[in-house]
Enquirer: 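The structure's right below; bear with me while I get my questions together.
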Amino acid sequence: MRVRRLGWAGLEIEAGGQRLVIDYVRDLSPLFTGWMPGEGLAAPSGKVAVALVTHLHRDHADAAALADVLTPGAPVLRPAPGHGDDVDNVTTLPAERELALHRLAAEVVDAWSAREVGPFRVTAVPAVDGLGDPQLNWVVEADGQRVFHGGDTMFHGWWWLIARRFSPFDAVFLPANGAVVDAPHLQPPSPLPAALDPRQAAAAAEILDARYAVPMHYEAEQPDKIPGYVEVLDPEGEFRTRAAGWARVLAVGEWLDLAI
């Protein structure tokens with residue numbers, strides 16, 4: 001199995017001549033004003049047999065991008081819709097509407113449920129979203145190797161259950177920017193990170209018994225100032241220090257061959 005970083009939280013996984021993507025996006029500008037489409041992002045290297053979505057924030061779910069790369073009828077596995085009214089769901093409604101517009105074969109899955117798609121076995125596992133929206137993380141197995149994708153989860157108490165059921169992992173991909181969010185619909189704002197910071201990501205990687213721990217969900221190309229969204233100063237550098245010994249940093253577009 002090979003894994004390629006597509007930028008932000010996007011991954012491409014290749015096994016048995018087929019491809020799977022997780023949180024593949026092509027355009028972050030609907031959420032991050034000032035981010036040029038395609039900037040700091042890579043496209044999959046060919047047609048894709050299955051797409052996994054951790055949650056329906058627009059920086060993790062881009063239906064137009066998926067429609068362009070998925071084979072006809074390819075499944076898009078996703079978490080449940082948001083709870084409450086349109087105000088509660090303001091951060092998920094754009095992606096929901098785009099999924100319906102592009103008529104993708106989306107399927108809601110529950111935590112701990114598994115699917116077999118071609119050479120891949122994928123399992124949804126629990127996660128906690130920093131804005132209170134439904135989120136899943138994903139375990140992908142193929143060719144005798146196992147990968148974890150952490151979306152933009154916060155630190156939580158399910159790490160040990162995930163580890164008991166699936167560890168060791170050949171690679172874990174974890175958010176590391178520790179973003180503090182000040183959103184108009186979430187007032188008063190929290191001063192605490194809404195996604196793993198480098199220290200928390202390193203702790204999660206150790207619990208999951210990772211061969212390689214790869215930071216994601218940060219980009220040097222991101223505009224310096226996004227209103228209401230503040231990252232830690234050096235996610236990559238701090239993660240290298242915190243996860244010394246098993247940290248593996250991938251450039252956008254770079255492959256990691258887990259068979260080696």
Side-chain angles (χ1 to χ4, degrees), residues 8-11 13 20-25 28 30-31 48-67 69-70 73-117 120-141 147-162 165-166 172-175 179 181 183-186 190 193-196 204 208 216-217:
W8 200 235
L11 288 188
I13 302 179
L20 172 154
V21 294
I22 309 176
D23 285 4
Y24 167 56
V25 297
L28 297 176
L31 187 63
V48 173
V50 56
L52 309 180
V53 176
T54 60
H55 60 298
L56 273 292
H57 292 171
R58 189 52 182 71
D59 59 328
H60 294 257
D62 183 345
L66 293 177
V69 301
L70 289 171
V76 178
L77 305 183
R78 49 153 294 178
H83 310 291
D85 60 18
D86 286 358
V87 174
D88 296 324
N89 297 323
V90 65
T91 50
T92 61
L93 284 176
E96 290 281 12
R97 291 169 181 147
E98 291 174 8
L99 285 172
L101 176 66
H102 289 277
R103 299 182 179 181
L104 299 178
E107 178 185 351
V108 172
V109 297
D110 297 323
W112 304 118
S113 63
R115 300 284 189 281
E116 306 277 351
V117 184
F120 304 106
R121 178 176 175 83
V122 301
T123 305
V125 295
V128 178
D129 182 75
L131 305 188
D133 298 314
Q135 181 168 169
L136 299 169
N137 285 172
W138 291 98
V139 175
V140 180
E141 300 170 271
V147 168
F148 175 87
H149 185 284
D152 68 0
T153 187
M154 302 173 70
F155 199 86
H156 55 71
W158 282 295
W159 297 115
W160 293 270
L161 281 177
I162 296 168
R165 297 186 185 195
F166 295 103
V172 297
F173 291 78
L174 295 163
V181 178
H185 70 299
L186 300 174
S190 170
L196 296 176
L208 294 175
M216 62 175 190
H217 200 257

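Along the sequence shown, residues are numbered consecutively beginning with 1. These figures come from a predicted structure and were not determined experimentally.
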Enquirer: After noting the C-alpha distance and the side-chain angles of Phe148 and Leu174, does the key distance pass the side chain to side chain contact (heavy atoms under 4.5 Å, CB included) rule?
Expert: CA-CA 8 Å; Phe148 175 87; Leu174 295 163; 3.7 Å; yes
Enquirer: How far does CD1 of Ile162 sit from CH2 of Trp112, to the nearest 0.5 angstrom?
Expert: 5.0 Å
Enquirer: Go through Val181 and Leu186 one step at a time and tell me if the side chain to side chain contact (heavy atoms under 4.5 Å, CB included) criterion holds.
Expert: CA-CA 9 Å; Val181 178; Leu186 300 174; 5.6 Å; no
Enquirer: Hey, could you give me the CE/CG distance between Met216 and Leu196, rounded to the nearest 0.5 Å?
Expert: 9.0 Å
Enquirer: So, does Asn137 use its side chain to make a donor-acceptor pair with the main chain of Ala124 at under 3.5 Å?
Expert: no
Enquirer: Only counting residues at least two apart or in another chain, list the ones meeting ring-ring contact (aromatic ring centres under 6.0 Å, His included) with Phe155.
Expert: Trp159
Enquirer: Using every non-hydrogen atom in the two residues, find where Pro79 and Pro134 come nearest and quote the distance to one decimal.
Expert: CG-O, 4.0 Å
Enquirer: What's the separation between atom OG1 in Thr123 and atom CZ in Phe166, rounded to the nearest 0.5 Å?
Expert: 4.0 Å
Enquirer: Could you grab the distance from atom OG1 of Thr91 to atom CG of Asp129, nearest 0.5 Å is fine?
Expert: 7.0 Å
Enquirer: From Leu66 CG over to Leu52 CG, what is the distance, rounded to the nearest 0.5 angstrom?
Expert: 10.0 Å
Enquirer: Taking C-beta and beyond as the side chain, do Val140 and Leu11 meet within less than 4.5 Å on heavy atoms?
Expert: no
Enquirer: Val48 and Val50: which non-hydrogen atoms are nearest, and at how many Å?
Expert: CG1-O, 3.2 Å
Enquirer: Would Val53 and Leu99 satisfy side chain to side chain contact (heavy atoms under 4.5 Å, CB included), going step by step from the backbone distance to the final call?
Expert: CA-CA 11 Å; Val53 176; Leu99 285 172; 6.0 Å; no
Enquirer: Under the ring-ring contact (aromatic ring centres under 6.0 Å, His included) test, which residues partner His217, sequence neighbours left out?
Expert: Trp8, His60
Enquirer: Using the rule side-chain hydrogen bond (donor to acceptor under 3.5 Å, both in side chains), only one of Thr153, Asp152, Asp23 pairs with His55; which is it?
Expert: Asp152
Enquirer: Sequence neighbours excluded, which residues qualify as ring-ring contact (aromatic ring centres under 6.0 Å, His included) partners of Trp158?
Expert: His156
Enquirer: Testing the basics here: between Pro75 and Ala49, what is the closest heavy-atom pair and its distance to 0.1 Å?
Expert: CD-O, 3.4 Å
Enquirer: Apply side-chain hydrogen bond (donor to acceptor under 3.5 Å, both in side chains) to Arg115 and list each qualifying residue two or more places apart in sequence or on a separate chain.
Expert: Glu107
Enquirer: Check Gly130 against Met154 and note the closest heavy-atom contact, atom names and distance.
Expert: CA-SD, 3.4 Å
Enquirer: For residues Leu20 and Val122, determine if any side-chain heavy atom of one lies less than 4.5 Å from a side-chain heavy atom of the other.
Expert: yes
Enquirer: Could you tell me which non-hydrogen atom of Pro175 sits nearest to which non-hydrogen atom of Gly150, and how far apart they are?
Expert: CD-O, 3.7 Å
Enquirer: Just grab all the salt bridge (Lys or Arg N to Asp or Glu O under 4.0 Å) pairs involving residues 89-103, residues at least two apart or on different chains.
Expert: Arg58-Glu98, Arg78-Glu96
Enquirer: What's the verdict on side chain to side chain contact (heavy atoms under 4.5 Å, CB included) for Ile22 and Val147, showing C-alpha distance, side-chain angles and the deciding distance?
Expert: CA-CA 11 Å; Ile22 309 176; Val147 168; 5.8 Å; no
Enquirer: Please report the shortest heavy-atom distance between Leu208 and Val172, naming the atom on each side.
Expert: CD1-CG1, 3.9 Å
Enquirer: At what distance, to the nearest 0.5 angstrom, does CG of Leu77 lie from OG1 of Thr54?
Expert: 12.5 Å
Enquirer: Residues two or more places apart in sequence or in another chain: which of them pass side chain to side chain contact (heavy atoms under 4.5 Å, CB included) with Ala64?
Expert: Arg26, Asp62, His102
